[in-house]
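One structure is given here, and the rest of the page talks about it.
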Amino acid sequence: MKKYNFSRIEKKWQAKWLKDKTYEPNIEKPRKKGKFYNLMMFPYPSAEGLHVGNMYAFTGSDIYGRFKRMEGYDVLEPIGLDGFGIHSENYALKVGTHPVKQSKVSEKRFYQQLRMIGNGFAWQEHVETYDPEYYRWTQWLFVQMWRHGLAYRKKQSVNWCPKDKTVLADEQVIAGKCERCGAVVEKRELEQWFFKITEYAGRLLKNLDAIDWAEKVKIAQRNWIGKSEGALLRFRLTSDVPSVGVNIKDVGRPYLEVFTTRPDTLFGATYVVLSPEHELVEKLKDRISNFKEVAAYAKKAAGKSDEERIAGGKDLSSHKASAERGKTGVELKGIKAINPANDEEIPVWVADYVLGSYGTGAIMAVPAHDERDFEFAKKFGLPIRQVIALETGIPRPSEERRDGGCGVVFDPRTQKYAVAVHPDGIVRLFGGGFNDGEDGREGTLHEIAEESGLYDFSHVEEIGTCFAHYRNRRKQVYRSGLTKCFLVILRSDKVKERHPEPHEVNLHLEWMPAAEIVKNWKGYNQERDLDHWLAFLREGVARAIELGYDTTSNPAHFPSEALLGVGKVVNSGKFDGVDSEEAKWEITKFVHGEKKTQFHLRDWLISRQRYWGPPIPMIRCEVCAAAGKGENKEMPGWYAVPEKDLPVKLPMVKDFRPEGKGESPLASVKTFYEVKCPACGSKAQRETDVSDTFLDSSWYYIGYLMKCNNGKLKIGDSAFAERMRVWLPVDMYIGGAEHSVLHLLYSRFVSMALHDWGLVDFEEPFTTFRAHGLVIKEGAKMSKSKGNVVNPDEYIKKFGADALRMYLMFMAPLEQGGDFRDSGILGITRFLDRVWKITQRVLDPKKSVHSAPAFADTHHVPDGFKRILHKTIKKVTEDIESLQYNTAISALMILLNEAEKQEKATGLPRYFFEDFLKLLAPFAPHIMEELWRELGNKSSIHLESLPAYEEKMLKENAVEVIVQVNGKRRGSVMVEAGTSEETVQDRALSVETVAAALRGQKVKRVIYIKGKIINLVI
RNA sequence: GGGCAGGUGGCGAAACCGGCAGACGCACGGGCUUUAGGAGCCCGCGCCGCAAAGGCGUGAGGGUUCAAAUCCCUCCCUGCCCACCA
C-alpha cells in the first residue's frame, strides 16, 4: 500500500495547479454559471511572516471559493499585499531596514508562505500597494476626489502621535492612545488634506439596509456614522461690558447657534457652553471682562489630548477620584445669552467637555436632563431646572388604573420639608391613590391629611404630572395611573387625627431639609417603584425657592442625578403637558429654530507626515495663490499633478525616519518637492505629505482586475469598464471585524464616489461580507511575550497544510473564531489518514496503481448507506454556504465511520469515493486531488461539480419514536415512516418501561409529534 | 457608561423555527494486536449510584408549556468594539 506523504503531495500539486492555471478564471468571459468574485482581506506583510490568524481567515475564505467553483462558478480569488503605510514603515524601523528593501524581503517571504497553505489563489492577479503601477491609481483617485470637490485642505487640531510622529485619524485613536504604538495622543494644529466623506453620510447609512453584511458590522457602521435628529437653535447674546472695539452686533453673528437633540428641554437650558476653540471666544474678546482667564483656559484645553479631556470628565469608576478630577470650564464674564424660549438671561461658559468638531461647537446646557451638563452645573453651582416629568413606563390595559397624588409639603418657619418615614427607614413624600370621586388637588390634600395629619396650608400649587406604575416585589406592575404632585406651603403645623390605611399605621412624619431627603431616599423601589416622586420633590423645591419660601436650599446641589428619558413637558409655559417627542418640534418652531440632522462621522483625514506611502499628487504655486488663481476657487494656488505625470514616485530617501516637526521626510528632499507650476510655469512646490494607508486598500478589489491577464488596462478605458461591469461588485468578502468601520466604510465611500462619477455601475462594492472570528491559543490570547504564538509553517511541516487547514476549520464556526489546541490537530490527522487508507484499499495493493480499482457492485450496497451519503451531501453543502465548516467536517467524519463499517460488510461502490472526495476537496485540496487522480481521473477534482443529493434519498423508512410520560423519556418504539398516531400510541403503551412509568394510571392527554416523539400525559 | 457576541462534560464544541442535551473530535480509562514510540483496531466515558432501577444536570433565580439549552422576565459573569457626539 502506498504511504501517505503529505509533504510530497502538497508540493507536487501546488506546482501542478500553478502550471495548469487551475485557479485562473477566464476574465474576459467567465465560464459556466458565471463569475464569482471571492475576496479576502489582503494582509500587510509587516510582522514576522504569516500569522495563524491570517491563515485562518484565508482558509475560511478559500473553502468558500473552492465550494463556489465546484458549484459551477468561475471564481476569482486574488491575493496581494497591503505593504504601503505606517504599519509596514514601523516594522522597517523596528528591524532597522529601509522599507524599500524590507518590502521586497517581506513580499518574498509572505508569498512563499501563502503558496504553501493550499489556497486556490489566482496568482496572476496579485497586487502590492507599494508598486508604482498600483499607487499610480491611488494617486489618480486622489486627483479625482480633488476634481470633484471632495478633497480639501484645512487647518485642524489633529491627533498627533508623539511616537509615530504623525497625524492620526479619529478612528486610529483608541481610548486616547495610538492604535499602533499605544503612545498617548496629543493635539496639534496642522494643515491637512481631507476627503468629504460626510457628504455621503446619509447614503452610507441608508445603503446598509440593503446589503448582506454581518449584522454586527452594520451596527458598528451605523453607530460610527451616528445620525442624530435634532434642531439648530439660536441664543441672542448681550453684554454689559462697554464696547471697546467691536459692537456685539458686529461680531458676524450676533447670536450663538447650538445643536441639540432635545429641543423639548429648551425651557430648562440654564446656561450655554462654547467649546474652547469656538470662534466667538476670540471675536467677543473685548466684551469679556475676564478674557485673560478665558484665553488661558482655551489654550490649555486645545493642547490637551482627548485622553486628558475625557479623564477630566466623569471618571466615577476609579476610587482614586482626586479633587482634580471633574469637568473644567470658565464663565465668560460680561456676556449673557438669552434663552429664546423664556427670554431669560443665562450665563455663557467655555468648557472642554464641549467639542469644537461636533455640531456647532456650542451647546445649550440642560442640567436637569443631561448627565454631563448636570455634573458641570453641580460643580459650578449653576441652576438646575426640571422641565420633563419622566414617564416611568407604559401601562398595559389589563392593569388596574388608579390615579393618585403626592405633596411636597414645606414649612417656611423651619425651612424644612415633610416626609413620611417607614419603620424600615424608607423615606417618601406624603400621598397615595385617590378614592372614588376625588380629583387631583382635593384627593392629594386628603391623602396628605390622612397620612400626616397636616391640613392647614397657605398655598397649594400643582407642579407636575406623570403616568406612574406601582410594582410589587417582583417588580410586576399591579397598578398604574396618573400621579399629580402639588407644592404645599404650611400656614401652621396644626394636625388633626390621622386615618392611615392599615399598612401605613407605622408611618411617621419627619421634617428634613431638601438635601437630606434626597440623601435618604435610597432604594424606595424595593417595595414600590416611586422614584418619580423624587423628581417631583426637586420640582417642588425649585418652585418653593422661586416663590421665595425656601431660602436655604441650593437647587444646584441637592439633586442626585440627571433625569434622562422622555415624558411630559413641565415648567415650560404653554407647552406644559405636551409629550416631549411632540414638544421637540413645537418648541423648535416656537423659537424659529431649524430641524437638523447631524452626523457623528467626520471627514476623512488623508495626510500623513511620513515617508512610506503614496505622495499626495498636488502642487502648490505661490504665484498663482497670490493672484487668486487655481483649480479650485476656494483654494487658490493648488493644482493636481497632471494625470500624464502620474505616478508621483516616492523617491529613495535614506533617512526615512519621521522627524516630528509636523512634516514628512520628503520635505527635505529638494529634488522631489521643487517643481514647475502646471498652470503658470513658475517655481512651485510639491505636497510632501503622503496619503493614509486606508486609501491604498479602499480600491484594491478593482486593482486586481487591472492586473488580470497582465493587462495594461486603466480606469476610463471602455474595455476596463466592461471588465468591471462583468466582475464587480465583489460577491463574497471575508475579513476581520476589526475593519468594521475603517477600511469597510472608506471602501464604500470610494465606490460610491466612483459610481457618481460614472465609472462603475454599483454603489456598494461588497455584496456579502462576513467577519471571521479570532484564533486564540489554549484559551488565551496569542502574544509574543507569552510565547504562545502559533506559527503556521511549523504545523504545515509537521502535519501538512491540509491537516492544518482542516483543523483550523474544525475548531468552531468561522464567524466565531477558535481555540487552537495542539492536541486537537491529531484528530484531523487520523481522519485524513483513514481517508487515505480506505481509498488505497480499493486501489488493490496487488495490482499496479493504474489498473482499475476494486469497487463493490452498487447493487450489493444497501439503500441505508446511500441515504447516509446523501444526507451528508445535503448537510455539507448547507453548512459550507453558512460558513459552518466545523459541522460540515463532523458530518464527513460520521460518513467515514459509516463507510468503514460498510466496507467490511459489502465493500464500497465507486460513487461513494467520488462523492466523498469531492465533498472533502475544499477542505483538504492536496490529498483529495492526489486520491482523485489515483482513482483514474485525468483532470482536477477542483474543477469537478459538487455531488447533488436526491430529495427522495433522504427519507427514512423506519424511524424511532421516543416515548415520554409527562415529558420524561421512558422508552422508544421503531415504526415505519407514516405510521398512524393510533398505532404509535398502541405500540408505545405496550413498551414495558413505559407501562411501568404509567403505573396503571389513565392517560389524560397524548401529544404526538410525527416521527419524533409521543408524550403521554397522566 | 453604551453596543454586540457569548456562558452547555476534564477540553474544543453539537443541538437553539421548543421535541431523546452533549453529535463530531480531543483528553482519559479498559481491552486486543507478543504492543519500545505521539502507530492501529475494539469498548467505555455528563454527575450521584458496584450495578440496575432511579434521580440530578445547559451561569443564577423565576415564568410560560404536555415538553425549555432553545421563548419571556430579573440578575450575575466573560470576551470584543465604542465611549463627554449635545
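Chain letters run A, B, ... following the sequence lines, proteins first, then strands; residues in each count from 1.
Nucleic acid contact class of Gln964(A) (heavy atoms, under 4.0 Å, all strands): base. Across all strands shown, Asp373(A) has no heavy atoms under 4.0 Å from either base or sugar-phosphate atoms. At the heavy-atom level, Ile1007(A) lies under 4.0 Å from base atoms of the strands shown. Heavy atoms of Ser228(A) sit under 4.0 angstrom from primed sugar atoms or phosphate atoms, though from no base atom. Using a 4.0 Å heavy-atom cutoff across all strands shown, Asp819(A) reaches sugar-phosphate atoms only and no base atom. Across all strands shown, Arg222(A) has no heavy atoms under 4.0 Å from either base or sugar-phosphate atoms.
Applying the 90° cutoff around 0 to the glycosidic angle, rG49(B) is assigned syn. By the rule that a glycosidic angle within 90° of 0 means syn, rG9(B) counts as syn.
Relative to the side chain of Lys781(A), the nucleotides rC80(B), rG12(B), rG40(B) differ in distance, and rC80(B) lies closest. Here rC84(B) is the nucleotide among rC66(B), rC84(B), rC56(B) with the atom lying nearest to any side-chain atom of Asp352(A). In this structure, of rC11(B), rG19(B), rA13(B), it is rC11(B) that holds the atom nearest to the side chain of Arg821(A).
In this entry the distance linking CG of Asn886(A) with P of rC24(B) reads 14 Å, nearest Å. Rounded to an integer number of Å, the gap from Arg834(A) CZ to rG25(B) C1' is 11 Å. Glu815(A) places its CD atom 19 Å from the P atom of rC80(B), with the value rounded to the nearest Å. Protein atom CH2 of Trp224(A) is 5 Å distant from nucleotide atom P of rA83(B), rounded to whole Å. As a whole-Å value, the separation of Asn1015(A) CG from rG18(B) C1' is 13 Å.
rA69(B) and rA21(B) have their P atoms separated by 8 Å, with the value rounded to a whole Å. Only the P atoms considered, rC24(B) is 25 Å distant from rG18(B), to the nearest whole Å. With P as the reference atom, rA23(B) and rC45(B) are 10 Å apart, rounded to whole Å. Taking atom C1' on both nucleotides, rC76(B) is separated from rG59(B) by 7 Å, rounded to a whole Å. Spacing of P atoms, rA67(B) relative to rG57(B), comes out at 15 Å, to the nearest Å. Taking the C1' atom of each, rG38(B) and rG6(B) are spaced 34 Å apart, rounded to whole Å. Atom C1' of rG62(B) sits at a distance of 48 Å from the matching atom of rC42(B), rounded to the whole Å.
Nucleotides of RNA chain B nearest to Lys904(A) and Thr261(A) differ in position, and the one nearer the 5' end is that of Lys904(A). Residues Gly817(A) and Tyr358(A) each lie close to RNA chain B; by heavy-atom proximity, the contact nearer the 5' end of the strand is made by Gly817(A).
The side chain of Thr887(A) contributes no N or O atom lying less than 4.0 Å from OP1 or OP2 of rA13(B). The shortest distance between the side-chain N/O atoms of Gln884(A) and the OP1/OP2 oxygens of rA13(B) is not below 4.0 Å. Note on Asn223(A): every side-chain N or O is 4.0 Å or more away from OP1 and OP2 of rA83(B). Side-chain nitrogen and oxygen atoms of Arg830(A) include at least one within less than 4.0 Å of the OP1 or OP2 phosphate oxygen of rA27(B).
The shortest side-chain heavy-atom distance between Tyr358(A) and Gln598(A) falls under the 4.5 Å cut-off. In this structure, Met806(A) and Phe831(A) have side chains that are in contact, with non-hydrogen atoms separated by less than 4.5 Å.
When Watson-Crick and G-U wobble pairs are counted only if both distances are under 3.5 Å, rG79(B) pairs with rC4(B). For rG54(B), the paired nucleotide is rC48(B), the pair qualifying as Watson-Crick or G-U wobble because both relevant distances are below 3.5 Å. Using N1 to N3 plus N6-O4 or O6-N4 for Watson-Crick, or N1-O2 and O6-N3 for G-U wobble, each under 3.5 Å, rU74(B) pairs with rA60(B). Using N1 to N3 plus N6-O4 or O6-N4 for Watson-Crick, or N1-O2 and O6-N3 for G-U wobble, each under 3.5 Å, rG29(B) pairs with rC43(B).
Applying the salt bridge (Lys or Arg N to Asp or Glu O under 4.0 Å) rule to pairs touching residues 887-898 of chain A yields Glu898(A)-Lys901(A), sequence neighbours excluded.
Checking side-chain atoms of Asp819(A) against main-chain N and O of Val775(A) turns up no donor-acceptor pair under 3.5 Å.
A ring-centre distance under 6.0 Å is found for Tyr271(A) and Phe376(A). Aromatic ring centres of Phe694(A) and Trp604(A) lie farther apart than the 6.0 Å criterion allows.
Between the side chains of Arg969(A) and Asn1015(A), no donor N or O sits under 3.5 Å from an acceptor N or O.
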